[in-house]
Amino acid sequence: MIQFDNISFRYAHDIEVFRDLRLGIEAGEQILIVGPSGAGKSTFLKLLNGIVRPDSGDVMVGGLSTRKHPTSRLAAEVSVTFQNPAHQIFASTVLQEAEFAPKSLQRKNPRERAQEALRLFKLNEQAKSHPYDLSLAHRKLLTLASAVAADTPALAFDEPSVNLSRPEQLILLEAFEVLKKSGKTILIVSHDLELFLPICTRVLILDDGKATFFDAPEALVRNQNPLRHSGVRLPLVHRLRPYCGLSPIPHPGA
Amino acid sequence: MRFDVGEKLSLTLFLLLLSIVLPWHLNGVLFLLLVLFRYAFRPFRPVSDASRRRSSALASYLTIVVLLMTIVNGLLIKEGTLWPLPGGFTMSSEGVTFGLRTGMRLLVIAMSLLLFFGSTPIPRLAQFLQSVGWPVQMVMTLLLTLHFIDTVPDRVSLIFTAQEARGAPVRANILARTKAFFLILSPLLLSGIVESIDRSMALELRGFHGGAKLSFRGDETSRGRMTMVSMLFLILSILCIVWIILRWLLQ
Amino acid sequence: MAPSVSIRSLHYQYFDGAPFALKDLSVHIASGSCTALLGPSGAGKTTLLQILSGIIGAQFTTGKASGSVLIGDDEFRPIPQKVLFPSVGYLMQDASVQLSGIKETVEEELAFALDNMGIDGYERRERVSQALSRLDLGRLANRRPHQLSGGELQRTALASILVARPSLLVLDEPVNALDSLGQQRMVNVLRSLKSSTTVLFADSGIEFALAVADTFLVMQGGSILFSGTRNQFLNSLDSFYDLLPVNQWSELVRKWGKTTVHPRVAGLLPL
Amino acid sequence: MLQTRPTSGSFFILMTKTVREQFQLEIEGAGLPFVAFCIALNLSAGQLAAALKLPIYLDSVGTVLVAVLCGPWSAISAGVISNVLASAFGNPAMVFFAPVTAVIGGFTGFIASHGWFRRWYIVPLGGILQGALAAIASAPIAAYLFSGVMLAGTDVLVLYFRSVGNTLLQSVFFQGLSSDPVDKTITYILVFLLCRNLPIRLLQRFRGGNNLPHNKAMDRSYAL
């Protein structure tokens, strides 16, 4: 579904971000991407839809090469949502905002897709409100709903849980369960391991240009060196559970 | 001789008006004098290498444009003595002097503004304006503008990336690109309004009501006093204005 | 002396006809305490903090309020109508917006509040250097504010308020953008303020609160759902299941209660 | 109907108060940082238009926004500071066109406070009027100080008008008439679209909040 073939990339002021990165992500997987800030997590997302082109190697998304195809075409394969809702909310009603992606990708009946996505994130009552009449947490959910409305096979989110309080986290987890069942490939860049470890199929650690770990979350608990080396600590809760006779990572819906 | 902001400001005003009064060849001499000022005279040396790069790039760009203007005007305008050129074109003396007059004036204007802004960081200018009686809110606005000038362009590119990733037609036909223009300006304005509301609360929460004056780093030079030098330049500026009006009336 | 805060049946709407941001809210916050105001987004945490700082009374001229607010011995019926700076300090959620944005160094940023209070000369330098050392910003004193990291910005914003020596300090989600090191530093700062300043901070998580607060309030829909000590809060974690991120903690505490706990666990659990 | 703070009133009442008081009145609430933001917007609108390869320059979007949301006098100061900083950062001639932006800010603030931005069909009329006013104001400056040469594509138009026998002032004025109304109308329409449905929660923090239409249905759905 998504293939990175020995990608090397460096920004203008010569900090090397990636060096011969090579990995594959199957359709229907949920990948949690962690690593120290500045390790290129956001750049990784920008490589997915050609906003950033690699210096060498190629990224294939849904069989399309990001070198040959424009971002507008790749946006139909993978919908990338960035961290700050204020950088994308433009419309004067919640529904118009959610309708934007399906409309610009020429999907059939975009309004229904938008309403469906808003229902998934419990925003359907506020469909006619102005996005800035909602709380910041609900505006964040709106950006997630706008991406889901585009109905792309793959979805990539940069820090989807930031600004969300507990009720919105539960809505997010519920929505991701539904997306998982409908076979979507989901990539999540986040530092909130406590929230996403239970629901991801594999964890990718990006640390100074390389993928130092790419395996199931249980394997992460057994071998915590790559995590510790990347400066990210396993949440206190997961480290304590074994002492109380519990599995390190609770199964979803715990 | 320490030039403080007030003196440099009145000198710049005088130079701008002088460029309108002088004929083109004296303007040319004045331009060369100003270039010499920039390198020889300490208070006028550019403060940061960014302003140095900017001013030398602009100076060379303008010199080329002046030459271009002179030639184009010479060719197009038909008054005055016409010197035949190969290929049936005529170069009119009236056109050439017209091009040179405008070009030299533009060079002097550009150079005097570059001298002032290149060697005076905006905070020093704000400090001077406050000491000569500008309302504190206006001074705060000028300083806050500097902050937004640093942050707005980055936010524009972040919004550009976020909207393009969602399928915004940033590279399609002109109609679609105009729609994309709105798709980028709308989040920029909304985030600007929200930031303005938060910033106004933050200022009030730390006791800012436009009552007390703002303090600046190292309150040394500009006391806002009207020195002899700045008085001299202001008088000269008024003379220039009178000259311009008289010449316009008698024309 | 650090003031106590008591609020009696406070109602607040942002304008006539708007939904109630605060509904019949009554609470007492002890003097010198460090109180955590927990609750989901939209529960009214920020509204309550902004009312205590007086900014809502000053800037939201169309708001409708009833009830009474008592801060120390100043009584406000119903809410303060002007900013209570410098006696009440308010740290906003986004530290980069809290800084004035017009100052060229961190040290000048700290002095901004003192300019507005008309304090200068020796006392100004002394207060600034004290605030710098308290938040260990000493080596950043001459740095330009926009070169600072998230955590450093947060500490600079807090220092720029502490120079005014507020007796009541309210903070809106002080740690949700900080990494674990930044959170630990903020814990130390708030602990150093105990008993000399009454501290009230809003948070949508619980780990930071468990580490530093001695009184716990949980808000929902504009009113107080729970008020009590740390142990009372820990024992009723299950009742906040879908309000606060307690899920894995509550399961852990329930199990911990029943099994004999390994000594290392006792050390790790923030009890 | 929701009553925000009294609007900045008609232009003539403004004359009585000193400019300083009027400026302080207009930037009450969230006005002060917003004026600074809009000045930066004026300076970077051109960069965005270039990034999208659009032929428009729109360097007065910020000034019009301040005129609509704050008032005429703060729009005048926003326009003047924008021009001074523009000449500092690269285009030296702009400082001489500060009076033109003052006219733009003042006129827009005047018509905004009379509700011209409440209905979509009045906005283009305002744009055309504004464009004509800007052309009248900039013609003498461009003609006498710069002899019609502005280092921009439109210089060709001036030369054309001159070659068909108009005086310098006439040709600069005709060039202004051909481009300013279009540019100003686009700016006005853009500002109208940007501010069309701003929520009460944001509008009420600005002096000119009443100058804009706001959607009644929005009021009920309000939730912080």
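In what follows, every chain begins at residue 1, and chains take the letters A, B, ... in the order their sequences are listed.
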Structural part of V97(C) lying under 4.5 Å from a heavy atom of chain B: both
Closest contact, heavy atoms only, S215(B) versus R124(C): OG-NH2, 3.6 Å
S100(C) side, atom OG; L144(B) side, atom CG - distance, nearest 0.5 Å: 7.5 Å
Which atom of S200(B) lies closest to which atom of Q59(C), heavy atoms considered: OG-NE2, 3.5 Å
Which portion of L146(B) sits near chain C, non-hydrogen atoms under 4.5 angstrom: neither
Engaged part of T145(B) at the chain C interface, taking heavy atoms whose separation is under 4.5 Å: neither
Full working for side-chain contact (heavy atoms from CB on, under 4.5 Å) between L214(B) and D115(C): CA-CA 7 Å; L214(B) 297 174; D115(C) 293 341; 5.9 Å; no
Sub-4.5 Å side-chain heavy-atom contact between M92(C) and D198(B): yes
Chi angles and distances behind the side-chain contact (heavy atoms from CB on, under 4.5 Å) call for Q50(C), M201(B): CA-CA 10 Å; Q50(C) 289 185 348; M201(B) 277 165 56; 3.2 Å; yes
Residue selection (most heavy-atom pairs with chain C, distance under 4.5 Å) from I197(B), D150(B), L143(B): L143(B)
Among the listed options V163(C), L99(C), L114(C), I161(C), the residue most often paired with chain B at heavy-atom distances under 4.5 Å: L99(C)
Heavy-atom side-chain proximity of N116(C) to F208(B) below 4.5 angstrom: yes
N-O pairing of E204(B) and K82(C) below 4.0 Å: no
Reported CD1-to-CG distance for the pair I55(C) and L205(B), which is rounded to 0.5 angstrom: 4.0 Å
Close side-chain approach of R206(B) and S160(C), heavy atoms under 4.5 Å: yes
Side chain proximity check, K103(C) to H147(B), heavy atoms < 4.5 angstrom: no
